[in-house]
Amino acid sequence: MKIDYQLKPETERRQQQFVPEGEVGFGRLRTDHMFLMDYENGEWQNARIVPYGPIEMMPGAMCIHYGQSIFEGAKAFMRDDGEIYTWRIDKNAERMNNSAEIVCIPHLDETTQQQAIHALIDIDRLWFPKQQGACLYIRPFIFATEDRLSVSPSEKYTFCVVMSPSGAYYKTGANNAIRLLITETYHRAVPGGTGSSKAAGNYAASLRAAKHAADFGAAQVLYLDSTNTKLEEVGAMNHFHVRKDGTIIIPEFTDTILKSITSLSMLEMGEMLGCEVKQETVYLKDFIADIESGEIVEAGGFGTAAVVSPVGSYIFEDKRVITVGDGNVGPTIKKMYELYTGMQLGNVEAPAGWVQKVERQHG
Ligand SMILES: *Cc1c(COP(=O)(O)O)cnc(C)c1O
C-alpha cells in the first residue's frame, strides 16, 4: 500500500525494537510520529507524518464547541516472522465514514485511511512492544477545525492517526468476569440519534452512567433502549449471551447500537466456533428469565480492546443481583477468546482479507 505523504522531521525515530521491561498497559504510551491530513476547500489534502506532539487550533475550532469529532480503534500484531499485520482495518475505515455521515463530516477515502495507518506503522515499527500478547493500538480520528461560532457543519477538518504500544489486555486470558449495572436511569442513544456512530460526544455522555455503575460496584453499564425493555450494548462494547445449546446471540443492530467489528467477526465465525452465532431483538424480561432458568449460561461484551469481556453477574438499581451460570468464565467465551486472538497473532488461519501485512518502505 502506498500513499503520497510528506515525512517531516524524521528525527527521534527509534533505533531498536521496543522491549518493555514491565507491564506496558493499554493505551498509555505513544509512538514517535502521527499522521495528519487536512480537509479544506472541499478536499482532503496535505497528507503528512510528523513527530507526535501538540496540534495547533484556534479557540473557536468547532470540534471544541459543538463536538464534531469521530474516532476509530484498531489493532496491529506482530507475528513470528517479525512482520506487523493490521487486523480488519478496512472495516474501521468503512465505519469511520458511517460515523462521518451521522455527524456531517466529509468522507475520507477508505483506502487512504488504511494507507495512512500502514505508513505510520511502517515508520514507527520499532515501537512494536516485543512482549507476549502485545499489540499496537491504532487510533484514527477526525475533528472539525473551522474557527466559527455558529452551529452548522464545519468547512475544515483534520484527520489524525496516533498509535499506542500496548500490552495484552488480559495477562492470562479472559479469566475475570465483570459485573454490569442494568440501568433504567441513563440511556446511551435514542432512535434517530448518534448511537451508531463513534462520535466523541457519545462518550462524554457515558461518563455519568459509568460513575453511577461504580456506585453499584459494577464495572460498566448495560444500556437498555429508551423504553427500558430491550438490551442494547455496553457503551464501548457490544453485548452477547450464550444459550445452553451453545448459540451465541448478539442484539440486532439498530441505530442505537454501534456495529462492533468484533461482533461482525464473531457473526462470521460460527463454523470455526462450532456453534450458531446470530442476532435477535433481546427483551430484558426474557433475558432475566432465561438466566434464572439456566437457559442462558454465559454472557459478555465484544470490543477491540478486550476482544471478549466475560460478565459474571448483573446488578439492578434496586440492588437485586443475578448471576450468569456459576458466575465464572464459561467454555464458549474461552473458545471465542482463544480463536480470535489466535487468528490475530497468526497461530490460526483467519478468513481471507482479515489481516494485512505492513510492507516495509522505511527499513
Ligand atoms: C468501539 C465500540 C464498540 C466495539 O467495537 P469494536 O469494533 O469491536 O471495537 C462497541 N460499542 C461502542 C459504543 C463502541 O464505541
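In this text, all values refer to a predicted model and were calculated from it rather than measured experimentally. We're numbering straight along the sequence, starting at 1. First listed ligand is number 1; within each ligand, the first listed atom is number 1.
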Asks: In this structure, is the centre-to-centre distance between the rings of Tyr169 and Phe26 below 6.0 Å?
Replies: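 When the ring centroids of Phe26 and Tyr169 are compared, they turn out to be within the sub-6.0 Å range.
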Asks: Any side-chain heavy atom of Lys75 sitting closer than 4.5 Å to one from Ile138?
Replies: no
Asks: For Tyr5 and Arg48, which I'm curious about, is there any donor-acceptor pair between the side chains at under 3.5 Å?
Replies: no
Asks: For the rings on His241 and Phe287, is their centre-to-centre separation under 6.0 Å?
Replies: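 Ring centres of Phe287 and His241 closer than 6.0 Å.
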Asks: Assign the ring pair Phe240 / Phe302 to parallel, tilted or perpendicular, where the plane angle (0 to 90°) is split at 30° and 60°.
Replies: parallel
Asks: Mind checking salt bridge (Lys or Arg N to Asp or Glu O under 4.0 Å) for Glu268 and listing every partner two or more places apart, or none if nothing turns up?
Replies: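 Salt bridge (Lys or Arg N to Asp or Glu O under 4.0 Å) list for Glu268, sorted by chain: Arg88.
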Asks: For ligand 1, list every N/O pair with the protein closer than 3.5 Å, one pair per line with the distance.
Replies:
{"residue": "ligand 1", "atom": "7 (O)", "partner": "Arg95", "partner atom": "NH1", "Å": "2.8"}
{"residue": "ligand 1", "atom": "7 (O)", "partner": "Arg95", "partner atom": "NH2", "Å": "3.1"}
{"residue": "ligand 1", "atom": "7 (O)", "partner": "Ile261", "partner atom": "N", "Å": "2.8"}
{"residue": "ligand 1", "atom": "8 (O)", "partner": "Ser260", "partner atom": "OG", "Å": "2.6"}
{"residue": "ligand 1", "atom": "8 (O)", "partner": "Ile261", "partner atom": "N", "Å": "3.3"}
{"residue": "ligand 1", "atom": "8 (O)", "partner": "Thr262", "partner atom": "N", "Å": "3.1"}
{"residue": "ligand 1", "atom": "8 (O)", "partner": "Thr262", "partner atom": "OG1", "Å": "2.6"}
{"residue": "ligand 1", "atom": "9 (O)", "partner": "Thr304", "partner atom": "N", "Å": "2.9"}
{"residue": "ligand 1", "atom": "9 (O)", "partner": "Thr304", "partner atom": "OG1", "Å": "2.5"}
{"residue": "ligand 1", "atom": "11 (N)", "partner": "Glu233", "partner atom": "OE1", "Å": "2.5"}
{"residue": "ligand 1", "atom": "15 (O)", "partner": "Lys198", "partner atom": "NZ", "Å": "2.8"}
{"residue": "ligand 1", "atom": "15 (O)", "partner": "Tyr203", "partner atom": "OH", "Å": "2.3"}

